[in-house]
2 protein chains.
Amino acid sequence: MGRVKLQIKRIENTTNRQVTFSKRRNGLIKKAYELSVLCDVDVALIIFSSSGRLSLFSGNKSIEEILARYINLPANRRGR
Amino acid sequence: MGRVKLQIKRIENTTNRQVTFSKRRNGLIKKAYELSVLCDVDVALIIFSSSGRLSLFSGNKSIEEILARYINLPANRRGR
DNA sequence: TACACTATGTATAACCT
DNA sequence: TAGGTTATACATAGTGT
């Protein structure tokens with residue numbers, strides 16, 4: 001999406017990488033929000049930037065509730 | 001995105017909701033993957049469908065590692 | 001350094017099979 | 001019901017300020 005087709009590999013230029021991170025993180029959170037509302041599902045999204053800053057999204061329920069729901073699954077139902 | 005502008009609210013028709021869920025879940029996971037690679041960041045994504053089925057994504061690290069990183073944050077750094 | 005713009009690539013709603 | 005197609009809306013890479 002954008003002026004040019006982008007290869008999916010690490011962006012080496014630090015400034016470009018940070019700008020892309022900021023834009024795409026916002027886009028990802030928006031998409032997660034839309035999925036949770038449109039389809040009425042629980043979504044939890046955790047992002048750590050390379051500087052260690054945390055970004056979170058969760059739908060109606062809190063992050064903690066959704067993580068607990070995951071953690072409490074029997075191990076054989078956690079695989080992807 | 002699509003033939004018509006979509007309101008962001010729960011899709012009432014069950015079939016449509018499931019179709020949209022399947023398509024958008026795939027799109028969301030793809031975007032999460034791209035963010036993790038392009039920007040070299042940790043992303044964890046947990047989705048429970050309305051029937052309780054689990055979808056997961058995480059980048060290089062395992063979901064468990066990323067969740068642990070979140071859970072181990074001091075409480076005052078967990079806010080969104 | 002951070003926003004705003006816009007040309008272009010991408011995701012997807014409705015349709016089709 | 002699931003998978004493929006396509007017209008259209010949306011996200012965003014590069015750019016400008």
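Because only heavy atoms are used, hydrogens play no part in the values below, and waters and symmetry mates are left out as well, while side chains stay in. By convention in this document, chain letters (A, B, ...) are assigned in the order of the sequence lines, proteins followed by strands, and residues within each chain are numbered from 1.
Scanning both residues, B/Gly59 and B/Ile66, for their nearest heavy atoms gives N-CD1, 4.5 Å. Here the shortest heavy-atom pairing between A/Ser36 and A/Phe57 reads OG-CZ, 3.9 Å.
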Could you pull out every donor-acceptor pair under 3.5 Å between side chains of residues 41-52 of chain A and any protein atom, sequence neighbours left out?
{"from": "A/Asp42", "atom 1": "OD2", "to": "A/Lys61", "atom 2": "NZ", "distance (Å)": "3.0"}
{"from": "A/Asp42", "atom 1": "OD2", "to": "A/Arg69", "atom 2": "NH1", "distance (Å)": "2.9"}
{"from": "A/Ser49", "atom 1": "OG", "to": "A/Ser51", "atom 2": "N", "distance (Å)": "3.3"}
{"from": "A/Ser49", "atom 1": "OG", "to": "A/Ser51", "atom 2": "OG", "distance (Å)": "3.0"}
{"from": "A/Ser49", "atom 1": "OG", "to": "A/Gly52", "atom 2": "N", "distance (Å)": "3.4"}
{"from": "A/Ser49", "atom 1": "OG", "to": "A/Arg53", "atom 2": "N", "distance (Å)": "3.0"}

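When hydrophobic clusters are built by joining Ile, Leu, Val, Met, Phe, Trp and Tyr residues whose side-chain heavy atoms come closer than 4.5 Å, directly or via intermediates, A/Ile29 is not grouped with B/Met1.
First and last contacting nucleotides of DNA chain C toward chain B (any atom under 4.0 angstrom from a heavy atom, 5' to 3' order): C/dA11 to C/dA14.
As rounded to whole Å, 17 Å separates atom P of D/dA11 from atom CG of B/Leu38. When the P atom of D/dT12 is taken as reference, atom CZ of A/Arg25 falls 12 Å away, rounded to whole Å. At whole-Å resolution of the value, CG in A/Asn16 and C1' in D/dT15 are 11 Å apart. Going from atom CD1 of A/Ile29 over to atom C1' of D/dC10 covers 17 Å, rounded to whole Å.
Here A/Thr20 lies in heavy-atom contact (under 4.0 Å) with sugar-phosphate atoms only.
Annotation: side chain to side chain donor-acceptor pair (under 3.5 Å) contacts involving residues 26-35 of chain A, sequence neighbours excluded, comprise A/Glu34-B/Arg24.
Heavy-atom contacts from other residues, nucleotides or ligands closer than 6.0 Å to CD of A/Glu12 number more than 12.
A search for salt bridge (Lys or Arg N to Asp or Glu O under 4.0 Å) contacts involving B/Asp40 returns A/Arg10, not counting sequence neighbours. The side-chain contact (heavy atoms from CB on, under 4.5 Å) test applied to B/Asn13 returns B/Thr15, B/Asn16, not counting sequence neighbours. Every side chain to side chain donor-acceptor pair (under 3.5 Å) that A/Glu64 has, sequence neighbours left out, goes to B/Tyr70.
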Dot-bracket encoding per residue of DNA chain C, Watson-Crick/G-U cut-off under 3.5 Å, | denoting interstrand: .||||||||||||||||
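Side-chain contact between B/Leu6 and A/Leu38: present, with at least one pair of heavy atoms (C-beta onward) separated by less than 4.5 Å.
Going from atom CZ of B/Arg25 over to atom OG of B/Ser55 covers 4.0 Å, rounded to the nearest 0.5 Å.
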Contact letters for nucleotides 1-9 of chain D, in which S counts primed atoms plus P, OP1 and OP2 and B counts the base, heavy atoms under 4.0 Å: S--B-BBBB
